[in-house]
Each structure stands twice: as structure tokens, then as C-alpha cells.
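A, B, ... follow the sequence lines: proteins, then strands. Residue 1 opens every chain. Because the structure is predicted, anything quoted here is derived from the model rather than measured.
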Number of protein chains: 2
Amino acid sequence: MATDSSPPAGSADPVASALTEIMLAVFRVNGRLLEQGDRLVAPLALTSARWQVLGAVALAGEPLSAPQIAEAMGVTRQGAQKQLNALEAAGMFARHPNPRHRRSPLYALTDLGQRTFTEAMALQQGWATRLSDGLQMQELQATLRLLDRLYERLGRQGDTP
Amino acid sequence: MATDSSPPAGSADPVASALTEIMLAVFRVNGRLLEQGDRLVAPLALTSARWQVLGAVALAGEPLSAPQIAEAMGVTRQGAQKQLNALEAAGMFARHPNPRHRRSPLYALTDLGQRTFTEAMALQQGWATRLSDGLQMQELQATLRLLDRLYERLGRQGDTP
DNA sequence: CCATATATGGAAACTGGTTGTCAATCTACG
DNA sequence: CGTAGATTGACAACCAGTTTCCATATATGG
């Protein structure tokens, strides 16, 4: 536990206080998801970050350039590039010539990369099934809706600097 | 947006798929919360991490040692120490002799540290109020409950290595 | 009283991400 | 054409956190 920090949270506005508690809950859950996600795919020589890169290209269904992968992942170009370089060294990606840009290769999954991603998906499926046991579809959907609304609001707020 | 990665998510078990989407939503929301939290307290020369250290000591109400602060924050001893060193250099913490351990000082908020934390709390209050406008108390509570349940499950699962 | 075990701080290396700079490439406009 | 601006990859510096290793302080037990 430990990640308490539970602030007074009850100064005045109870709705704001509830939201503050949700923020803290998101931090806690995020931490554990990353931790267990890493553990889940460690046997495949993957981390959560690299798994996500595989996913971006696998779901696109075609080779992508580094900037395209970065955009799909929601990280910076350089951040994605780091993982791409590592995954290429690990034999999960191969560079293909990019007809549209000489210096910017397209990254394609190798057989190993494709196989690894498929295995990771299977692991994830099992994990989510185990984890969701006994949860109500309705409450899951309600939570997802609220998180999405929150995400949208957080986006708009930050887009006006 | 961009952080799509929306996986097939519909292989078989719809509840597991919904949970998978919640996981992805948690990642997205977490990212934006950190981003905006940093922005929120930047005028106070704080980051989210340092704000959290101030909070740990402020809420304890008494000087704490580095390991105690680390435990309160849910991070490692060395991680907390890094921020403590930085905050001491910034004049927000002062070391006091620890009667119980010569090498392990107690860290106390200076006036500046106390003032800064109070201001950060005020900013956070306003932020949460703005962000929660129009949200229903009931849905916030339902979401908080689900996230807490999820956190608990994630904890138990990982505690058995 | 001493010996071993544990707690602690410090430093370094690592992960994953960011920003910034530079040079090379592309693109678009004049 | 040709040049100005936007993309892009490589590299370096940084933030936040982790693990690991070492040296010292403290605690416990013989």
C-alpha cells in the first residue's frame, strides 16, 4: 500500500474531493498495471513499452515509420525510436526501404516479432479474463465512460497554453 | 489523442475486453494527469514528484527520515532521497539531527516548504473543482470503487512470487 | 564486549520517457 | 528550378524512478 498521501480531500466541494481521490487511484492502478504487465511479458523478452511498439505495428497491419509508430503510441518520436532500435537489435523488427523518405525506413515485424506479439496477446487475454472475474459489465462500462470523459477534459484544458 | 492501440479487444470474453479498454484508459488518463499536474505546480518551482514529497512530510506533521518518506510515498528509499536532496538544495527542507540515527537526518519543512505546499494544495483544489464540473457524484464514487477493487486485485496477484 | 545482521546514505548503471540541437532529406511555394 | 520550411534520425542532456553495490551506523545475540 503505502502510496497513501491521501490528502485532506474534503475542504469543501465533495465532488472535487471525489475526483481527487480518483486521480490518486489512477496513479496507484497505473503503477500496478505497468508492474504486472512487465512481469506478464517478461518470459517473451518483452517489456510493456516494447510490447506496445509491437502492438502499434501489428494492429496497423503494415510497416510503419518511426514517427508513425510514435504517434500511434502517443509518445515522442525519439521515445519510440529508442524502443525500435532495441527491438530491431532483438530481431523482432526489420527495416525496409521507405519509398517516400530515404532516411526514414519502415519498420516491419519479423516472424519472431509477429510470433512474440501473438503470444503476448494470448497472455494478456488470460490476464484480463482472470482479473475481470466477477466484475459487472455495467460498472466496467460506466468506469470506462468516466475515464474517457476525464481524458477528454484533460486534453482540452492542456491544449490552450 | 493518438494513443489508440485499441486492440481487437473482442476475442471472446466481453467483460475481459472491457477491462482491457479500462487498462488502456488508465494509461492515457495517468499520462495527462502527470503532465497537467507538473504544469499546475511549475509556477511554484515544483514537479509532481516533489510536491508529493512535501505532502508526505506536511501530512505527517513532523520531521521524517528519508526511509520513512519513501515508505509513505510508495517509492524506494533512493528515489525519495533524490528528491529530498533536490528539495533541500531548493531551501524547502532542512535537515535536523536524528537522535535515533547519526547518519540518517530528519527532514523538516522550512517556512518556504510549508508555504509552497499550502499554495500547491490551493492550486490542486481549484484544478479538481474545475475538472469535476458537471460530473455526477454517483458516477465518481462508482468509478472510485471499481478502481480500488482493481488495485486490490492487482496487488494480491503480484504478491505471490 | 564483540560479532554478526540489518538499516542507511551515496554512487553508479539501467529503463522509459522528455526536450533540444544538428544535419540530412523532403515538400511546397515562388 | 531553387530556396524556405517542415520531417526525420542521431545524439546528448535531463527527469523520475529502479536495482545493485559499497561503506558506515545501529541493533541484536552470543
* State plainly whether the residues B:D148 and A:R28 are in salt-bridge range, i.e. N to O under 4.0 Å. => yes

* With a 4.0 Å cut-off, would you call A:E119 and A:R115 a salt bridge? -> no

* **Note, A:L84 side chain near A:F93 side chain (heavy atom, < 4.5 Å)** => yes

* Hey, are the side chains of B:L106 and B:L64 touching, using non-hydrogen atoms and a 4.5 Å cut-off? -> no

* **Distance-only donor-acceptor check, side chains B:N98 and B:S104, under 3.5 Å** => no

* Asked: Would B:Q81 and B:Y107 count as having a side-chain donor-acceptor pair, cut-off 3.5 Å?
  -> yes

* Of the residues in residues 96-104 of chain A, which ones touch DNA chain D at a heavy-atom distance under 4.0 Å? -> A:H101, A:R103, A:S104

* Asked: In whole angstrom, what separates B:N30's CG from C:dT18's P?
  -> 13 Å

* Structure fact -> Between CG of A:L34 and C1' of C:dG17 the distance, given in whole Å, is 12 Å

* For residues 77-85 of chain A, which residues have at least one heavy atom under 4.0 Å from DNA chain C? -> A:Q78, A:G79, A:K82, A:Q83

* Asked: What residues in residues 40-51 of chain A put a non-hydrogen atom under 4.0 Å from any atom of DNA chain C?
  -> A:T47, A:A49, A:R50

* **Check: A:Q136 main-chain N/O paired with A:E139 side-chain donor or acceptor under 3.5 Å** => yes

* Structure fact -> The complete set of salt bridge (Lys or Arg N to Asp or Glu O under 4.0 Å) pairs with one or both residues in residues 73-97 of chain A, sequence neighbours excluded, reads A:E88-A:R95

* side-chain contact (heavy atoms from CB on, under 4.5 Å) with B:R145: which residues, sequence neighbours excluded? -> B:Q141, B:A142

* Structure fact -> Outermost contacting nts on DNA chain D, any atom under 4.0 Å from chain B heavy atoms, listed 5' then 3', are D:dA16 to D:dT26

